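Below: one structure, written as structure tokens.
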Amino acid sequence: MNHKSQIKERANQMNKTKRSVKVAVVTGGAQGIGKAITLKLATEHWEVIAVDIDKEAGGELLGHSKIYSIVFKHLDVSDEDSVEQFFNFVEKEYGRLDALINNAGLASPGNAPIEKLKFNEWHEKIAVNLSGPMLCSKYAANLLRKSKGSVVNIASTRALMSEPDNEAYSASKGGVVALTHALANSLGPDVRVNAISPGWIDVRNWQKRSERDAEPLREVDHKQHLVGRVGRPTDIADMVSYLISNRAGFITGQNFVIDGGMNRKMIYQ
Ligand code: NAD
């Protein structure tokens with residue numbers, strides 16, 4: 001049975017409970033924040049297609065697909081031909097797309113000091129973190145318009161503030177915030193587009209097994225946050241779930257900072 005017939009069958013089942021079947025794509029959906037988003041949406045009865053460049057992590061994610069409706073596809077979001085082919089697959093196999101979560105990213109913020117920053121390292125971060133969301137939005141746009149869907153881009157508080165040697169990452173995420181309001185203008189009124197800027201989210205227990213590292217964090221790591229703790233991937237997944245729901249129908253072009261209050265804290269010494 002292909003995905004279209006599966007969706008039809010689930011739609012018939014869900015009609016009885018007055019719910020509709022919706023399809024979401026989560027990029028970088030096999031690990032970290034993306035994995036939390038994938039699982040959250042799947043528990044809320046979305047058909048989720050998680051794409052990731054890491055096949056090992058994707059294989060592990062499929063362990064959950066026995067419980068939930070999750071499909072994994074290998075994809076490099078910075079490769080235009082592959083992105084186009086992937087969304088052709090979504091159209092052919094699913095026939096609809098209701099939400100695109102642009103989460104895939106090279107998440108490590110540091111680069112070499114600016115004097116030594118290699119141009120190819122700069123390009124790599126921009127290609128994955130900024131061009132990736134643009135390419136996925138470009139090839140998902142028609143499907144999203146038809147279903148009056150929505151997009152959530154995962155930016156970072158580093159779009160708004162930095163530590164030294166963050167040029168490539170901060171610039172890529174600042175670009176994501178700007179891409180968000182540009183897309184909201186281009187794709188409205190059919191498609192809403194928002195961004196979330198996470199602060200420090202502890203993803204170590206959400207990595208593939210070979211990279212999991214569960215050393216406890218220090219007390220100071222938690223206490224410095226106004227809410228008294230470091231962020232969890234589920235903090236971001238909960239907001240994604242809200243933003244793509246009909247409850248958020250009057251919200252578009254915005255950037256939501258979710259950082260336990262860190263960017264509201266004076267740190268003069
Ligand atoms: P992560 O490394 O755990 O997850 C990122 C995922 O993206 C990985 O599974 C990785 O394989 C995948 N990926 C990387 N390059 C890809 C590509 N070219 N194509 C497809 N998939 C690719 O990182 P995370 O901490 O979960 O970060 C998720 C997003 O949240 C990133 O965009 C990151 O910049 C952002 N973010 C994270 C934090 C944090 O503290 N964890 C804070 C702010 C923003």
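Please read all numbers here as calculations on a predicted model, not as lab measurements. We number each residue from 1, following the sequence as shown. When a ligand or atom number is given, it counts from 1 through the structure's own listing order.
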Any heavy atom of R158 under 4.0 Å from ligand 1? The part involved is neither
State whether the number of non-hydrogen atoms from other residues, nucleotides or ligands found under 6.0 Å of K265 atom NZ is greater than 12.
-> yes
A student comparing I53, D76, I196, D52 should find that the heavy atom closest to atom 10 (C) of ligand 1 comes from D52
Of S82, A104, A107, the one whose closest heavy atom lies nearest atom 23 (O) of ligand 1 is A107
At under 4.0 Å between heavy atoms, what of Y169 touches ligand 1? The answer is side chain
> Does A30 reach ligand 1 with a nitrogen or oxygen that is under 3.5 Å from one of the ligand's nitrogen or oxygen atoms?
Replying inline: no
With I244 as partner, the option from L100, L41, V151, N194 fulfilling side-chain contact (heavy atoms from CB on, under 4.5 Å) is L41
Next on the checklist: Any salt bridge linking K208 with D52? Criterion: basic side-chain nitrogen under 4.0 Å from a carboxylate oxygen.
Outcome noted: no
Exercise. Are any of the N/O atoms in K173 less than 3.5 Å from those in ligand 1?
Worked result: yes
Q. Do any heavy atoms of A127 fall under 4.0 Å from ligand 1?
A. no
Is S78 close to ligand 1, meaning an N/O of one under 3.5 Å from an N/O of the other? no
- Transitive ILVMFWY side-chain link I53 to V51, under 4.5 Å: no
| request: Answer yes or no: are there more than 12 heavy-atom neighbours, outside N246 itself, under 6.0 Å from its atom CG? | output: no
At under 4.0 Å between heavy atoms, what of A155 touches ligand 1? The answer is backbone
| Contact check, L75 vs ligand 1, heavy-atom distance below 4.0 Å | yes
Task: Whether W200 and H225 hold their rings parallel, tilted or perpendicular, with breakpoints at 30° and 60° - done: tilted
